[in-house]
Amino acid sequence: MSANRIQHKVNHVALVVDASGSMYQHQGQLIRVVDEFVAGLKAESDSLGHETRISLYSFDHRVENLVWDMDVKHLPSMRGLYKVNNGATALIEASLKSLDDLGHIWEEYGEHSFLQIVVTDGEENASGGDRRHDGDMTILGPWLDRITAKMNGLPGHWTSAILVPNSLAKRTAQNYGFPAGNIAIWDADSQKGVEDAIGTVRAAATSFLRGREQGVRGTKNLFAVGQDISVDDVRATLEPVAADKYRLLKVDKEMEIRAFVDSHPGVTYERGSCYYQLGSRVQVQPDKEVVVVEKDTDRAYTGEAARNLLFGAGVRGTVSVKAGNNPKLEVYVQSRSVNRKLKADTRLLIML
């Protein structure tokens with residue numbers, strides 16, 4: 001390779017969306033929020049100087065490619081492309097086809113990374129044949145073998161993730177080979193469920209693109225936040241909190257938040273004044289504030305830009321996230337609950 005060639009970063013994103021009959025209630029909203037997701041990809045790519053290309057797939061008992069590896073700057077609206085059908089759910093077949101298709105992309109020049117995100121409101125019941133009618137589940141066996149082999153054989157610069165409707169579907173997705181850190185649960189029954197789901201996807205995609213700047217080309221912890229930001233980012237973007245306006249308390253054992261606060265002299269529990277340390281996966285609602293703390297100095301930073309820094313600009317809905325691994329920073333989320341269980345070996349930030 002020529003020493004003078006520009007080794008630019010190219011991101012290939014495949015969004016694979018369920019279009020089976022049960023998605024009918026979400027059709028209009030899904031079109032709007034996917035368009036917003038694409039707009040967010042474009043904005044983040046522009047700010048980082050990346051080339052990002054997107055493919056869109058829909059699936060019921062059939063799998064259809066709607067857009068193939070198109071520059072996000074030129075992608076039209078999903079309106080007129082995505083349509084829900086009265087079909088079953090060929091989840092495995094759709095996941096495999098999108099991965100197989102991306103595998104045909106030539107990677108000789110440029111630094112390529114691949115990100116597949118699947119969104120479904122149900123479980124597999126159609127790959128290799130629609131078993132709603134014939135009742136033959138034996139057809140599924142070869143498809144299970146194929147997807148586990150494919151997932152286990154993905155190169156390090158490939159990331160595959162999925163949003164599923166419940167914990168049972170999450171376990172099934174893990175059996176298929178999706179890494180646990182790349183599986184998130186969304187509320188497929190609520191009116192705002194799609195918006196929250198795509199918000200989670202958008203936050204994850206933002207984190208993925210930013211991670212590319214630090215040399216990360218693939219991840220098994222996609223739905224985590226905070227690992228892709230630096231102390232310099234925080235200091236430049238967020239507002240410092242005066243040292244006499246907050247306290248950090250060590251949580252030694254699991255305990256309800258109000259009882260924990262009231263057990264410490266000099267502080268009293270007040271709803272909205274406490275921020276728990278982000279750890280395992282939680283739902284962060286759009287009205288919850290976040291704080292970032294430097295581990296070495298315990299300096300705290302917050303402000304209106306904090307959610308944008310962590311979750312990505314324009315993510316307005318609820319996001320399903322957990323803490324990423326950042327050796328320099330911790331993330332804290334506002335709680336308005338009187339009985340939230342604080343985890344042992346974490347900290348609680350209290351605004352005074």
Side-chain angles (χ1 to χ4, degrees), residues 12-39 41 53-70 72 75-102 115-134 139-140 143 146-147 150 160-166 168-170 172-173 176 178 182-202 204-205 317:
H12 303 274
V13 179
L15 187 60
V16 186
V17 184
D18 194 337
S20 60
S22 56
M23 288 290 287
Y24 183 78
Q25 62 176 322
H26 301 309
Q27 181 171 273
Q29 192 176 25
L30 186 71
I31 290 168
R32 179 178 61 80
V33 296
V34 169
D35 284 353
E36 291 180 3
F37 165 70
V38 172
L41 277 180
R53 310 186 69 83
I54 189 164
S55 300
L56 297 174
Y57 292 80
S58 68
F59 66 95
D60 51 2
H61 55 281
R62 301 153 301 184
V63 183
E64 184 178 3
N65 173 258
L66 307 177
V67 173
W68 170 246
D69 204 42
M70 180 181 289
V72 290
L75 182 69
S77 170
M78 278 276 281
R79 195 169 303 281
L81 294 175
Y82 175 80
K83 183 179 180 181
V84 170
N85 302 298
N86 189 27
T89 307
L91 174 60
I92 295 177
E93 191 172 347
S95 302
L96 279 170
K97 178 167 177 54
S98 54
L99 289 173
D100 288 343
D101 287 353
L102 289 175
L115 172 62
Q116 176 208 52
I117 303 177
V118 182
V119 180
T120 183
D121 74 335
E123 292 201 58
E124 166 64 51
N125 64 6
S127 294
D130 186 349
R131 284 175 299 283
R132 294 178 308 166
H133 306 298
D134 59 31
I139 302 173
L140 188 59
W143 289 94
R146 283 182 60 187
I147 192 157
K150 187 72 174 182
S160 185
I162 188 169
L163 269 70
V164 295
N166 52 52
L168 176 61
K170 179 176 181 177
T172 301
Y176 293 164
F178 287 94
N182 289 357
I183 306 171
I185 296 174
W186 69 289
D187 183 358
D189 296 321
S190 74
Q191 289 297 312
K192 63 190 291 291
V194 171
E195 187 157 352
D196 292 346
I198 298 298
T200 297
V201 169
R202 186 165 173 177

Nearest heavy-atom neighbours spanning [X] and [Y]:
X: Trp186; Y: Gly193; answer: CE3-O, 3.5 Å
X: Glu124; Y: Glu93; answer: OE1-N, 4.4 Å
X: Leu96; Y: Ile147; answer: CD2-CA, 3.9 Å
X: Ala173; Y: Ile183; answer: CB-CD1, 3.9 Å
X: Leu81; Y: Leu66; answer: O-CD2, 3.6 Å
X: Gly122; Y: Pro165; answer: N-CG, 4.0 Å

Query raised in the report: Do Asp100 and Lys150 meet the salt-bridge criterion of a basic N to acidic O distance under 4.0 Å?
Result: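 Looking at Lys150 and Asp100, the cut-off is met.
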**Report entry** Charged N-O contact under 4.0 Å between Arg32 and Glu36
**Finding:**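 So Arg32 pairs with Glu36 through a salt bridge.
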Once you round to the nearest 0.5 Å, how far does [atom1] of [X] lie from [atom2] of [Y]?
X: Leu56; Y: Asp69; atom1: CG; atom2: CG; value: 11.0 Å
X: Gln25; Y: Ser190; atom1: CD; atom2: OG; value: 8.5 Å
X: Ile185; Y: Asn166; atom1: CD1; atom2: CG; value: 7.0 Å
X: Arg53; Y: Leu75; atom1: CZ; atom2: CG; value: 11.0 Å
X: Glu64; Y: Tyr82; atom1: CD; atom2: OH; value: 11.5 Å
X: Tyr176; Y: Ile92; atom1: OH; atom2: CD1; value: 4.0 Å

Requested in this report: Name all residues meeting the side-chain hydrogen bond (donor to acceptor under 3.5 Å, both in side chains) criterion together with Asp196; count only those two or more places apart in sequence or in a different chain, and write none if there are none.
Outcome: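 Asp196: side-chain hydrogen bond (donor to acceptor under 3.5 Å, both in side chains) contacts with Lys192.
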Query raised in the report: Is it true that the side chains of Glu123 and Thr172 contain a donor and an acceptor less than 3.5 Å apart?
Result: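 There is such a pair (donor and acceptor under 3.5 Å, judged by atom type) between the side chains of Glu123 and Thr172.
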Report task. Go through the steps for Asp18 and Val119 under the test side-chain contact (heavy atoms from CB on, under 4.5 Å), then give the verdict. Result -> CA-CA 6 Å; Asp18 194 337; Val119 180; 6.0 Å; no
Quick one: does [X]'s side chain get under 4.5 Å of [Y]'s, heavy atoms only?
X: Leu102; Y: Trp68; answer: yes
X: Asn182; Y: Ser160; answer: no
X: Phe178; Y: Gln116; answer: yes

Report task. Step through the shown structure and confirm whether more than 12 heavy atoms of other residues, nucleotides or ligands are within 6.0 Å of NZ on Lys170. Result ->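 Check passes, neighbour count above 12.
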Requested in this report: Start with the C-alpha distance between Ser20 and Asp121, add both sets of side-chain angles, then the distance that settles side-chain contact (heavy atoms from CB on, under 4.5 Å), and finish with yes or no.
Outcome: CA-CA 9 Å; Ser20 60; Asp121 74 335; 4.0 Å; yes
Report task. State which residue, out of Asn125, Val63, Val164, Ile162, fulfils the side chain to side chain contact (heavy atoms under 4.5 Å, CB included) condition with Leu91. Result ->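 When side chain to side chain contact (heavy atoms under 4.5 Å, CB included) is applied between Leu91 and each of Asn125, Val63, Val164, Ile162, only Ile162 qualifies.
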Report task. Determine, step by step, whether Val72 and Val13 satisfy the side-chain contact (heavy atoms from CB on, under 4.5 Å) criterion, reporting the C-alpha distance in whole Å, the side-chain angles of both residues, the deciding distance to 0.1 Å, and the verdict. Result -> CA-CA 10 Å; Val72 290; Val13 179; over 6 Å; no
Query raised in the report: Can you name the residues that form a salt bridge (charged side-chain N to carboxylate O under 4.0 Å, His left out) with Asp60, not counting sequence neighbours?
Result: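 So Asp60 forms a salt bridge (charged side-chain N to carboxylate O under 4.0 Å, His left out) with Arg62.
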